[in-house]
Amino acid sequence: MSAAVRFRPVTPADHPVLAEFLVGEDWPFHHHRRLSAATVADWLAGGAYALPQALAFCIEHDGRLLGLIHLDEIEDIDDGEPLLNIRLTAAARGQGVGRAAVRWICEHAFGRWPRLQRIAAETRADNLAMRRVLRACGFAKEAHHRQAWTSADGTRHDCIGYALLRADWERGVVTPVPWDDAP
């Protein structure tokens, strides 16, 4: 399926469809497993998927919305690092869509911002599918934060931090992190 996937910038006209998508799906590895219509309405009204705070794209296949991919924290792109976020419908998961979307947005971001040096991503330690996608797309594990991710029900999970460096992306390599550097 990933070969025919296309990416289109989110516009205000997409808000009703995005609201239905976000409220209608189950998000097992996000803070809220189920989103309320009020929460999503607040996000959309507050510009959660719009410039200047985010660069967001609808992920589509045959005219159907499969997901949403966006880079957050882009207000000061030259000094910071955008944070990658992706949500896919349950039906699109495990079909190669996530991998295609992550590769596409990294290429788009590095092409759009020549001074961008890295893209970050975080996921729960138990989100093995996302961790595999990030590694397959050249992201290196940079952090393991113990009990740093709290679910809405209060359950605490370990959080894994990844990043893709421009230099690694350009060369098609993953520079290892020096884990044994204790003084």
Side-chain angles (χ1 to χ4, degrees), residues 1-78 80-123 127 129-139 162-164 166 169-170:
M1 177 187 313
S2 63
V5 172
R6 72 179 203 105
F7 308 94
R8 182 179 57 72
V10 169
T11 68
D14 295 313
H15 287 187
V17 173
L18 287 179
E20 182 179 320
F21 160 73
L22 291 166
V23 171
E25 289 286 331
D26 188 44
W27 307 109
F29 297 105
H30 286 77
H31 177 72
H32 292 285
R33 188 175 187 110
R34 298 293 297 184
L35 294 168
S36 71
T39 296
V40 172
D42 287 346
W43 288 358
L44 294 171
Y49 302 115
L51 293 170
Q53 64 190 32
L55 182 65
F57 297 89
C58 293
I59 305 167
E60 299 177 332
H61 180 263
D62 288 338
R64 290 185 349 251
L65 181 66
L66 297 181
L68 174 68
I69 189 163
H70 55 101
L71 296 173
D72 293 325
E73 303 173 18
I74 63 168
E75 294 92 341
D76 194 6
I77 202 73
D78 290 335
E81 62 184 16
L83 185 62
L84 175 76
N85 195 322
I86 184 170
R87 290 180 188 259
L88 297 175
T89 63
R93 297 174 197 153
Q95 305 297 313
V97 175
R99 199 173 282 188
V102 169
R103 285 186 175 130
W104 181 86
I105 202 160
C106 291
E107 183 175 332
H108 181 81
F110 284 131
R112 180 178 181 142
W113 295 298
R115 293 178 47 174
L116 176 63
Q117 292 304 306
R118 54 184 280 127
I119 298 170
E122 292 181 346
T123 192
N127 189 348
M130 189 66 212
R131 293 178 65 189
R132 281 191 293 272
V133 165
L134 291 169
R135 285 193 315 272
C137 293
F139 283 71
Y162 291 86
L164 174 62
R166 175 185 285 279
W169 173 76
E170 288 173 341

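Numbering starts at 1 and runs along the sequence shown.
Looking at heavy atoms from C-beta onward, Trp43 lies out of side-chain contact with Leu18 at the 4.5 angstrom threshold. Considering only heavy atoms from C-beta on, Leu84 comes within 4.5 Å of Phe139 through its side chain. With a 4.5 Å cut-off on side-chain heavy atoms, Met130 and Leu88 do not count as touching. Inter-residue side-chain proximity for Trp113 and Leu71 is flagged as met; some heavy-atom pair is nearer than 4.5 Å. Counting heavy atoms from C-beta outward, Asp26 and Arg33 have side chains that approach closer than 4.5 Å. Taking 4.5 Å as the limit, every side-chain heavy atom of Leu65 sits out of range of all side-chain heavy atoms of Asp14. The closest side-chain heavy-atom distance from Pro82 to Glu73 is not below 4.5 Å. For the pair Ile74/Leu51, a side-chain contact is recorded, criterion being any heavy-atom separation below 4.5 Å from C-beta on.
Between the CG atom of Leu68 and the CD1 atom of Ile86 there is a distance of 8.5 Å, given to the nearest 0.5 Å. Expressed to the nearest 0.5 Å, how far NE2 of His70 lies from SG of Cys58 amounts to 11.0 Å. If you take CD on Gln117 and CG on Leu164, they are separated by 11.0 Å, rounding to the nearest 0.5 Å.
A salt bridge links Glu170 to Arg166: at least one charged side-chain nitrogen sits closer than 4.0 Å to a carboxylate oxygen. Under 4.0 Å is where a charged nitrogen must lie from a carboxylate oxygen, and between Arg8 and Glu60 at least one such pair does.
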Checklist entry - Which is it for His15 and Tyr49 under the side-chain contact (heavy atoms from CB on, under 4.5 Å) test, yes or no, and what are the steps along the way? => result CA-CA 10 Å; His15 287 187; Tyr49 302 115; 5.8 Å; no

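For His108 and Phe7, the gap between ring centers reaches or exceeds 6.0 Å.
Side chains of Asp42 and Thr39: no donor on one and acceptor on the other come within 3.5 Å.
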